[in-house]
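Some notes on the structure that comes next.
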Protein chains: 2
Amino acid sequence: MSLDRRKQIIDAAAKSFALFGYKATTMDQIAKIAQVGKGTIYTFFANKEELFNEILQQVILEMKHIADRESAEQRPFHEKVFRILDQALEFRSRHELAMKLSQELRDVGTPMAKEALNRLESELLTYIEAQLQAAMDRSELEQGDPRIMSFIMYQLYRSLTTEWNKLYEPLDKDTIKETFYKYFMKGILRVTPYESKDE
Amino acid sequence: MSLDRRKQIIDAAAKSFALFGYKATTMDQIAKIAQVGKGTIYTFFANKEELFNEILQQVILEMKHIADRESAEQRPFHEKVFRILDQALEFRSRHELAMKLSQELRDVGTPMAKEALNRLESELLTYIEAQLQAAMDRSELEQGDPRIMSFIMYQLYRSLTTEWNKLYEPLDKDTIKETFYKYFMKGILRVTPYESKDE
DNA sequence: AACTGACCGAAATAAAAATTCAGTCATTTA
DNA sequence: TAAATGACTGAATTTTTATTTCGGTCAGTT
């Protein structure tokens with residue numbers, strides 16, 4: 001019963017945050033959708049922020065599952081990293097909540113939205129960092145600071161997808177993939193199982 | 001005399017834009033500093049924007065001179081590119097006008113400030129692009145799209161300097177230099193005159 | 001004891017009033 | 001009489017005031 005109510009509230013909150021964003025979601029709104037008195041919400045969550053973090057945590061787990069599935073695949077390492085980045089950004093641009101938060105940050109600048117997106121980014125960086133460390137332990141990668149490496153990988157991928165489009169026409173996926181490999185992986189990979197096109 | 005007045009106006013405007021930014025600089029202010037009637041300004045410049053662009057053009061030229069000086073130096077190519085990026089960002093973080101415009105964009109979001117900074121960035125990208133094209137012609141570089149290359153170089157450098165500092169403690173200059181080389185140049189340089197530290 | 005929703009006031013938003021400033025143009029100056 | 005000026009205008013911004021919204025509480029209900 002208590003658990004049931006908790007779930008009702010979380011589901012209602014998730015729905016509302018995804019639909020209206022952080023700011024435009026009111027506690028009254030959540031209570032109404034959950035068919036629960038507003039006060040009841042405060043039995044389970046200290047405040048709006050805590051409730052939101054519960055939802056966010058679920059999203060982070062969801063993202064990690066996707067990445068885990070990818071890194072379990074039997075593929076060359078650089079291919080895996082590329083695909084994790086690809087799926088992560090894809091995830092963010094498909095998931096309603098992430099979408100809504102980006103829009104909210106852009107349009108209204110809600111600090112909570114910014115923090116949430118930073119958290120998502122930070123989790124991704126930590127994930128990639130661990131992957132790189134593991135690859136280094138397996139000697140698939142040159143030694144180096146995995147934090148710097150993951151950061152650069154993320155920034156490079158982001159540059160080629162999001163940032164590039166602010167100045168020029170979008171690059172097609174093959175070009176991005178090729179460029180990502182050519183200008184980055186080639187420089188740090190110890191073994192190079194990828195075929196260079198020219199010469 | 002006419003030329004004298006024009007110069008007076010430009011100098012006054014440059015001073016005021018650098019001191020107060022675009023928005024907070026008034027035409028009355030400029031006229032007062034230039035010791036000229038406000039109407040006189042409109043004899044030389046159609047409007048505030050045109051006057052501002054005149055100043056901006058001077059700044060762009062200034063930046064190009066610095067870059068030209070750098071690329072005239074007798075240094076390995078990757079070293080030159082690194083130093084041009086370094087000086088360009090340094091320039092932007094030292095030049096009063098550029099500084100003020102960044103602040104204005106951050107605090108008030110003046111569209112004109114944004115446009116001006118984009119213009120500065122765009123000019124830098126074009127400059128690097130030309131340098132890369134020239135290096136490719138001299139066979140110092142692998143063939144590739146110089147626009148993508150310049151964009152990535154810029155983004156990589158920016159990531160290591162500006163963006164990194166938003167999440168972590170700043171990297172020291174040697175680390176940045178080494179990383180810039182290790183993770184990027186190594187991947188596209190045909191000849192590698194740089195000594196790798198490890199192994 | 002678990003739950004509820006009317007209620008509170010801080011904070012956000014909207015409306016109204018006051019001010020600023022780019023650009024014009026009739027007047028002055030040399 | 002051409003060049004220079006600065007008082008003037010109204011659109012846009014800023015400041016002030018009025019109104020509404022909403023997170024959180026708690027007295028009352030089930």
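Below, chains carry the letters A, B, ... as their sequence lines are ordered, and counting in each starts from 1. Just so it is clear, the structure is predicted and the values come from calculations on it, not from any experiment.
Residues satisfying the side chain to side chain contact (heavy atoms under 4.5 Å, CB included) criterion with B/Leu167, sequence neighbours excluded, are A/Glu121, A/Leu125, A/Phe151. Take B/Arg158 and apply the side chain to side chain contact (heavy atoms under 4.5 Å, CB included) test, not counting sequence neighbours, and it matches B/Leu89, B/Tyr154, B/Thr162, B/Glu163. Residues satisfying the salt bridge (Lys or Arg N to Asp or Glu O under 4.0 Å) criterion with B/Glu70, sequence neighbours excluded, are B/Arg75, B/Arg83. Checked against salt bridge (Lys or Arg N to Asp or Glu O under 4.0 Å), A/Asp11 has the following partners two or more places apart in sequence or in another chain: A/Lys7. Judged as a side chain to side chain contact (heavy atoms under 4.5 Å, CB included), and not counting sequence neighbours, the contacts of B/Arg94 are B/Glu90. Remark: B/Thr175 engages B/Asp172 in a side-chain hydrogen bond (donor to acceptor under 3.5 Å, both in side chains) (not counting sequence neighbours). Here B/Ile55 pairs with B/Ile10, B/Ala13, B/Ala14, B/Phe17, B/Leu97 under the side chain to side chain contact (heavy atoms under 4.5 Å, CB included) rule; sequence neighbours left out.
Listed in residue order, the members of residues 9-22 of chain A having a heavy atom less than 4.0 Å from DNA chain D come to none. Against DNA chain C, the stretch residues 45-52 of chain B makes heavy-atom approaches under 4.0 Å through B/Asn47, B/Lys48.
Nucleotide D/dA4 holds its P atom 13 Å from the CZ atom of B/Arg6, rounded to whole Å. Distance B/Met27 CE to D/dG6 P: 15 Å, rounded to the nearest Å. Atom CD1 in A/Ile30 sits roughly 16 Å away from atom C1' in C/dG5 (whole-Å rounding). For B/Lys32 and D/dT5, the NZ to P distance is 15 Å, given to the nearest whole Å. Straight-line distance from the OH atom of A/Tyr42 to the P atom of C/dG5: 15 Å, rounded to whole Å. Here the P atom of nucleotide D/dG24 and the CZ atom of A/Phe44 are 17 Å apart, to the nearest Å. The distance between atom CD1 of B/Ile41 and atom P of D/dA4, rounded to the nearest whole Å, is 12 Å. The interatomic distance linking A/Asp107 (CG) with C/dA12 (C1') rounds to 17 Å, in whole Å.
In this structure the side chain of A/Gln57 reaches within 4.5 angstrom of the side chain of A/Arg119, judged on heavy atoms.
Distance from the side chain of B/Val36 is smallest to D/dT5 among D/dG23, C/dC21, D/dT5.
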Please list, for nucleotides 8-15 of chain D, all pairs of protein and nucleotide N/O atoms separated by less than 3.5 Å.
| unit_1 | atom_1 | unit_2 | atom_2 | d |
| --- | --- | --- | --- | --- |
| D/dT14 | OP1 | B/Lys23 | NZ | 2.5 |

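Annotation: cation-pi pair B/Lys100/B/Tyr22 absent, no NZ/CZ under 6.0 Å from the ring centroid and within 45° of its normal.
Sequence neighbours left out, the pairs with a member in residues 27-38 of chain B that pass salt bridge (charged side-chain N to carboxylate O under 4.0 Å, His left out) are B/Asp28-B/Lys38.
Residue B/Phe20 shares its hydrophobic cluster (ILVMFWY side chains chained together at separations under 4.5 Å) with B/Leu19.
Between A/Thr40 and the phosphate of C/dT4, there is a side-chain N or O to OP1/OP2 separation shorter than 4.0 Å.
Both B/Gly39 and B/Thr26 sit near DNA chain C, but only B/Thr26 has its closest nucleotide nearer the 5' end.
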